[in-house]
Q: 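Below is one structure. I have some questions about it.
Both backbone and side-chain heavy atoms feed into the values below; hydrogens, waters and symmetry mates do not.
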Amino acid sequence: MLNRTQIREVLDTMEAMYPDAECELTHSNSFELTIAVLLSAQATDALVNKVTPALFDKYKSPEDYLAVPLEELEQDIRRIGLFRSKAKNIQKLCRSLIDDFDGDIPKERDELVKLAGVGRKTANVVTSVAFGRPAIAVDTHVERVSKRLGLCRWKDSVLEVEKALMKKIPEAEWSDTHHRMIFFGRYHCKAQKPACPECPLLYLCREGKKREKKTAAG
DNA sequence: CTCCCGATAT
DNA sequence: ATATCAGGAG
């Protein structure tokens with residue numbers, strides 16, 4: 001586990017690497033963002049961004065998504081994967097937006113998670129990106145990076161990772177750090193082929209040092 | 001815990 | 001061929 005000084009070095013290094021890291025899901029309002037994040041479960045942002053332009057052109061309101069048969073919406077998002085459950089969740093989400101939330105995406109996480117297909121991670125993204133609330137959404141990248149660097153314990157659940165990060169990172173830096181960790185994980189500390197040899201954080205990374213030994217021996 | 005699931009990288 | 005991708009529901 002990293003100490004205070006090391007955590008500061010991690011935050012500063014990531015800021016230097018990705019000073020302008022931000023949400024890469026294309027969207028023009030909180031409703032589109034929520035749909036995009038829901039669709040991005042177990043899919044890459046790049047793929048979601050290929051599908052959403054036509055999708056957002058066709059469906060502009062909750063009513064629009066409810067006006068077509070489920071099968072039609074399924075076909076419109078099929079390429080993203082998990083399309084049956086996602087299509088069903090989108091229509092359920094739109095129904096409850098109209099019935100329970102006056103047609104608007106709620107701003108609080110506790111309200112957001114009541115929507116179908118919206119769990120804690122998606123709610124954190126929406127409340128943070130769309131409404132500027134401080135939050136750390138722990139996705140696959142944030143979890144992997146946090147565990148490799150030692151910002152949390154290896155055995156931590158996703159919620160425990162989030163709590164560890166919120167405790168160790170100043171609240172004012174939550175949202176920026178969150179996006180920088182996404183970029184760091186997506187483009188540098190990748191799941192399959194991490195760039196350890198050229199990593200500025202290798203000196204304090206348990207996992208990176210292990211990998212260095214491995215490649216040196218093998 | 002399992003299931004959902006196509007696209008892409010390795 | 002297999003792993004992974006801005007997870008969530010049952």
Q: Checking Tyr59(A) against Glu32(A) for the side-chain hydrogen bond (donor to acceptor under 3.5 Å, both in side chains) test, could you report, in this order, the C-alpha distance in whole Å, the side-chain angles of both residues, the deciding distance, and whether it holds?
A: CA-CA 9 Å; Tyr59(A) 305 95; Glu32(A) 288 186 357; over 6 Å; no
Q: Could you tell me whether the phosphate oxygens of dA6(C), OP1 or OP2, come under 4.0 Å of any side-chain nitrogen or oxygen in Arg186(A)?
A: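 Yes, such a contact exists.
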Q: Tell me: CG of Leu93(A) to C1' of dG8(C), nearest whole Å?
A: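 Checked: the CG to C1' distance equals 13 Å.
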Q: Is it true that a side-chain atom of Lys190(A) and a backbone atom of Gly185(A) form a donor plus acceptor pair closer than 3.5 Å?
A: no
Q: Under 6.0 Å between ring centres, would you say that holds for Tyr65(A) and Phe31(A)?
A: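 Yes: the rings meet the under 6.0 Å criterion.
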Q: Measure CG/Leu115(A) against P/dG8(C) and give the value in whole Å, please.
A: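 Rounded to the whole Å, the gap is 12 Å.
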Q: Taking only side-chain N and O atoms of Thr140(A), does any of them lie within less than 4.0 angstrom of OP1 or OP2 on dT4(C)?
A: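 For Thr140(A), the contact criterion (side-chain N or O under 4.0 Å from OP1 or OP2 of dT4(C)) is not met.
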Q: Might you work through the salt bridge (Lys or Arg N to Asp or Glu O under 4.0 Å) test for Glu111(A) and Lys114(A), ending with a clear yes or no?
A: CA-CA 5 Å; Glu111(A) 300 297 314; Lys114(A) 294 175 182 172; 3.4 Å; yes
Q: Aromatic rings Phe184(A) and His188(A): how do their planes relate, parallel, tilted or perpendicular, breaks at 30° and 60°?
A: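 Tilted, since the angle between the ring planes falls between 30° and 60°.
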Q: Check for a donor-acceptor pair, side chain of Asp64(A) on one end and backbone N or O of Ser61(A) on the other, with a separation under 3.5 Å.
A: yes
Q: Select from Val113(A) and Leu25(A) the residue whose nearest nucleotide in DNA chain C is closer to the 5' end of that strand.
A: Leu25(A)
Q: Using atom P of each nucleotide, how far apart are dA6(C) and dC4(B) to the nearest Å?
A: 22 Å
Q: Mark up nucleotides 3-10 of chain B, 5' to 3', with B wherever a protein heavy atom is under 4.0 angstrom from a base atom, S wherever such an atom reaches only the sugar-phosphate, and - elsewhere.
A: -BBBSS-S
Q: Starting at the 5' end of DNA chain C and moving along, which residue's nearest nucleotide shows up first, Asn89(A) or Val37(A)?
A: Val37(A)
Q: Have a look at Val125(A) and say if it touches a base, only the backbone sugar-phosphate, or nothing, with a 4.0 Å heavy-atom cut-off.
A: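 Result for Val125(A) = base.
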Q: Val118(A) near the nucleic acid: base, sugar-phosphate alone, or nothing, with a heavy-atom cut-off under 4.0 Å?
A: sugar-phosphate
Q: dG8(C) P sits how many Å from Ile90(A) CD1, rounded?
A: 14 Å
Q: Between Val142(A) and Val138(A), is there a side-chain heavy-atom distance shorter than 4.5 Å?
A: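 With C-beta onward as the side chain, the pair touches.
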Q: Rounding to a whole Å, what distance do you find between Tyr187(A):OH and dA6(C):C1'?
A: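 That distance rounds to 11 Å.
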Q: Using whole Å, report how far CZ of Phe183(A) lies from C1' of dA6(C).
A: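 So the CZ-C1' distance, Phe183(A) to dA6(C), works out to 11 Å.
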Q: Can you tell me how far P in dC5(B) sits from the matching atom in dG10(C), rounded to whole Å?
A: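 Per the computed distance, 13 Å lies between those P atoms.
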Q: Can you check the Arg109(A) CZ to dG8(C) P distance for me, whole Å?
A: 12 Å
Q: Round to the nearest Å and state the distance from Leu112(A) atom CG to dG8(C) atom C1'.
A: 15 Å
Q: Rounded to the Å, how far apart are Lys92(A) NZ and dG10(C) C1'?
A: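 Interatomic distance, NZ of Lys92(A) to C1' of dG10(C): 10 Å.
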